[in-house]
Structures are given as C-alpha cells and as structure tokens.
Amino acid sequence: MSAYRILYGRIGLTNRIVHFIGPGLRLSRNPGSNFFRISRIKPIITCNKTGSQESSNAEQRLELAIQAAGLGIWDWDVINDETHFDKNWIRTLGYDSRELLKSSNWLALVHPEDYNMVSEITEELIMGKYPSNSLAYRIKTKHGSWKWILSFSKIQSFQVDGKAAVIIGTHLDIDFIKEKEIELEEITRELRKTNSELEKFAYITSHNLRAPVVNLRTLTEMQAEEVLSSEANAEITENIRYCVKQLDSTLNDLIEIVASKSENDVKKEHLDLEAELEQIIRSIGQQVHDSGAHIEKNFSESESIFFSKRFLHSILINLLTNAIKYRSDKRKLEINLKTCIHKDYTELYFSDNGLGMDMNKFGNKVFGLYQRFHGKIEGKGLGLYIIKSQIEAMDGKIEVDSEPEVGTTFKISFKNRISQQR
C-alpha cells in the first residue's frame with residue numbers, strides 16, 4: 001500500500017483505483033499504466049427522512065396547540081420601531097395583516113383604563129429595568145369590542161446602553177376567564193353585602209317583633225287572673241289592641257321590605273321622566289298644594305331612563321313626600337330635579353331647601369332601616385332604606401349630601417341600557 005498526498009485531501013491506492021476523499025473530486029489510475037486521472041463527482045446528499053418527518057409533525061402539533069390555546073406570538077424591533085404579529089392572532093382580533101399597526105402605536109388599541117399602566121410598564125421594559133413582564137389588559141378588536149389578554153414580554157437582545165433592542169412575547173386570550181372572574185367578584189360582593197344586610201335586618205326585626213309579643217304574653221297572663229276590676233280589664237284590653245297594631249305594622253313593613261328587594265316580577269323599560277313625574281305629582285297633588293312647594297325640573301340632558309316603572313314611582317313618591325314632610329317653616333319649599341349623563345349612567349339630582357341633616361353625625365345612617373333624624377316629625381325611617389334597595393336591585397346607585405337648614409340633595413345613578421348589554 002502506498003500513499004499520495006495532494007492539495008485537496010488524501011488518497012488511497014489499490015491495484016486498480018485510487019479513491020480520493022475530498023471536495024467533489026476522484027483520483028483514479030488508468031488500467032495498464034502509471035498515469036492517474038482526476039474526475040469530478042456529483043455530491044450525494046442523504047437525508048434522514050424519518051427525522052425530517054418527525055420535525056414536521058412536531059411543528060404541526062405546536063401550531064395546533066398555539067391555535068387551540070388562543071395564543072399569539074409577536075416580536076418588536078425597538079430600534080426600528082417595527083412590530084410583527086402572528087397572523088392567526090391578528091385574525092382573532094378581527095384585523096388582517098395590512099390593517100394592524102406595525103409600530104409601537106399598537107398601544108392605541110389598549111383600553112383607556114389600562115393604557116397608563118401598560119404604557120408605564122412597557123417603558124420600564126424598554127429601558128431594561130426588568131428582563132420580562134406579564135400583564136393582563138383589554139385590547140380593542142376591529143368591531144369595537146374589548147378583549148381581555150394576558151401578555152408576556154421578554155427582552156431578546158440588548159443595545160449597548162442596556163436598553164432593549166428586540167422584545168418578543170405572547171398574547172393569551174383570557175376574555176372568557178376574565179369575564180367569569182369579574183362575575184364571580186360581583187357575586188361575592190353582592191353576597192357579602194346581602195349577608196350584612198340580613199344580619200342587620202334580622203336583629204332589627206326580631207327586636208321589633210319581640211317587644212310586642214312579650215307585652216302580649218304579659219297582658220294575657222294578667223287578664224287570666226280571676227280578680228280584676230273592670231277598669232283594669234279595659235286597660236289591659238286596650239294595651240293588647242295596641243300590641244297587635246304594632247305587630248301588624250311591623251309585619252307590613254317586612255312585606256314591603258322583602259318586596260322592594262325582589263326583582264323577579266320587575267321589568268325595565270324606557271321611561272319619560274317628565275311624564276312619570278307629572279303622574280306622581282298629580283297622585284299627591286293635595287300634599288303638594290298644601291305645602292306650597294315649587295317644583296322645578298330640567299331634563300334637557302337626558303329625558304328618559306331605562307328602569308322599572310314601579311320602582312321609579314316608589315322612589316319619586318318617597319323623595320317628594322319626604323321633602324314636603326321635612327320642609328323648613330322659615331322659607332318656601334323649593335324642589336329641583338335635573339338629569340346629567342356620566343359615563344354609563346344617567347344621573348338624576350333631586351334637591352330641596354328643607355331642614356337638612358348633619359352628615360357628620362348621621363351620614364352613615366341615612367339609608368339604614370328604621371333610622372330617623374327629626375324626632376318631632378312623625379315617620380318610620382323606612383322610606384330611604386326601601387328606595388336604596390330598589391335602586392341597587394336595578395344596578396343603580398344613590399348618594400346624598402345635606403346640610404342643616406340649607407337642604408338635601410340626592411344623586412341617583414340609573415345604569416344605561418347600552419352599558420348593561422356589554
């Protein structure tokens with residue numbers, strides 16, 4: 001065996017042929033001579049078909065998993081301000097690749113309530129303060145609705161000054177999960193509130209029921225005694241009648257309270273405020289006339305609300321009769337009603353110049369059950385508790401501001417129909 005060395009690699013010598021292992025050339029000896037021949041050979045590329053197929057299958061499975069999870073992949077070239085989104089993700093938002101913004105202006109799609117938070121944290125990531133972050137926020141779809149997403153961002157490469165050069169990340173559609181989370185929070189809040197109200201309700205009503213029952217038992221035991229004068233017997237009978245009257249009043253209050261909290265038979269409809277107010281004023285016309293009240297109204301900003309007619313009548317009657325009952329004898333009664341639009345609510349302001357209340361003293365008790373603040377004027381302390389329950393049963397809110405000898409203003413927020421359908 002002899003060996004020949006050439007520029008391209010190495011050769012192997014046999015009796016008939018020299019094999020060259022090199023860059024596409026073969027060195028061979030001509031039969032019957034000592035001359036060699038160099039010839040070019042075609043490269044043979046062998047592929048591992050099994051490995052290639054497995055790689056293709058893995059890619060398909062990964063793509064399927066990404067689509068099934070509602071996951072979108074993106075990368076952001078911070079230096080050139082170019083953002084590229086996964087096409088499938090773009091389609092879930094209703095856009096196509098030509099419509100979605102390609103720069104950092106994608107922040108314009110973030111919900112206004114989330115914008116400052118997303119903008120600040122994104123800026124901190126760009127500055128290199130953190131290597132990654134995870135945020136949940138709402139983003140606007142092409143159709144104008146809002147979709148909750150969970151965004152994970154990570155710096156892939158840095159600039160010389162330590163700032164981010166390229167940021168990569170994912171968007172996960174969590175809209176359904178977030179909606180259920182919000183619903184659960186609302187249910188939990190309502191349950192806690194209801195439980196607290198039930199505890200107060202049980203305490204107050206049990207007290208109001210127990211007192212007359214105890215009195216009745218004592219009176220009937222006294223009446224059962226054999227020796228009683230006719231005068232004593234008549235007095236006991238009169239007291240029994242009074243206790244029964246108390247029980248009847250308390251039970252009627254309970255029925256009214258329970259009815260105010262039930263919305264099973266209550267339907268919402270569009271109500272013309274001026275028409276409904278006029279109807280209520282006519283129903284208590286004699287009281288309005290006797291009080292000399294002047295009623296001013298301005299519904300120019302919103303003439304109607306979407307609410308229960310039965311509940312609205314109850315609210316207006318309570319507020320009007322309270323204004324008349326607690327008017328000041330030092331001035332003529334002035335009642336003003338006006339509406340305003342604020343975000344998702346139509347607000348009704350009901351003001352009077354009556355006796356007013358000390359909010360520092362009674363502010364947290366105004367809407368309580370059986371709460372009264374003017375002892376010399378007859379009342380149960382039930383009306384404001386009931387109208388608050390009715391308003392909240394319809395997803396509304398009520399607030400009050402008052403000052404002694406100046407007057408009282410109630411602000412009632414009725415939820416608009418559009419916001420309820422979101």
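As a basis for the values below, the full set of heavy atoms in this structure was taken, side chains included, without hydrogen atoms, waters or symmetry mates. Not measured: the values here are computed from a predicted model.
- Heavy atoms from other residues, nucleotides or ligands lying under 6.0 Å from CZ of Phe176 number 12 at most.
- With values rounded to the nearest 0.5 angstrom, Ile126 atom CD1 is found 9.5 Å from Lys163 atom NZ.
- For the side chain to side chain donor-acceptor pair (under 3.5 Å) test with Ser402, the passing option among Thr408, Thr409, Asp358 is Thr408; the others fail.
- Considering NE2 of His294 and NZ of Lys332, their distance stands at 6.5 Å, rounded to 0.5 Å.
- At distances below 3.5 Å, at least one donor-acceptor pair connects side-chain atoms of Asn318 with backbone N or O atoms of Ser314.
- Using a 4.5 Å heavy-atom cutoff, the side chains of Gln286 and Asp290 are in contact.
- Using a 4.5 Å heavy-atom cutoff, the side chains of Leu348 and Phe410 are not in contact.
- Looking only at side-chain heavy atoms (C-beta outward), Asp352 and Leu319 stay at 4.5 Å or farther from each other.
- A heavy-atom distance below 4.5 Å is found between the side chains of Arg331 and Glu405.
- The backbone N or O of Ile305 sits nowhere less than 3.5 Å from a side-chain atom of Thr346 that would complete a donor-acceptor pair.
- Between the CD1 atom in Ile284 and the CG atom in Leu316 there is a gap of 9.0 Å [rounded to 0.5 Å].
- Nearest heavy atoms, Ile236 versus Leu219: CG2-O, 3.6 Å.
- In this structure the side chain of Trp146 never reaches within 4.5 angstrom of the side chain of Asp175, judged on heavy atoms.
- Atom CZ of Phe152 sits in a crowded spot, with more than 12 heavy atoms from other residues, nucleotides or ligands closer than 6.0 Å.
- The cationic atom of Lys268 (NZ for Lys, CZ for Arg) does not lie both less than 6.0 Å from the six-membered ring centre of Phe306 and within 45° of the ring axis.
- Note that CG of Asn239 is 12.0 Å distant from OG1 of Thr220, once rounded to the nearest 0.5 Å.
- In this structure a side-chain-to-backbone donor-acceptor pair under 3.5 Å is missing from Ser119 to Tyr115.
- Judged purely by atom type and a 3.5 angstrom limit, Asp77 has no side-chain atom pairing as donor or acceptor with the backbone of Glu82.
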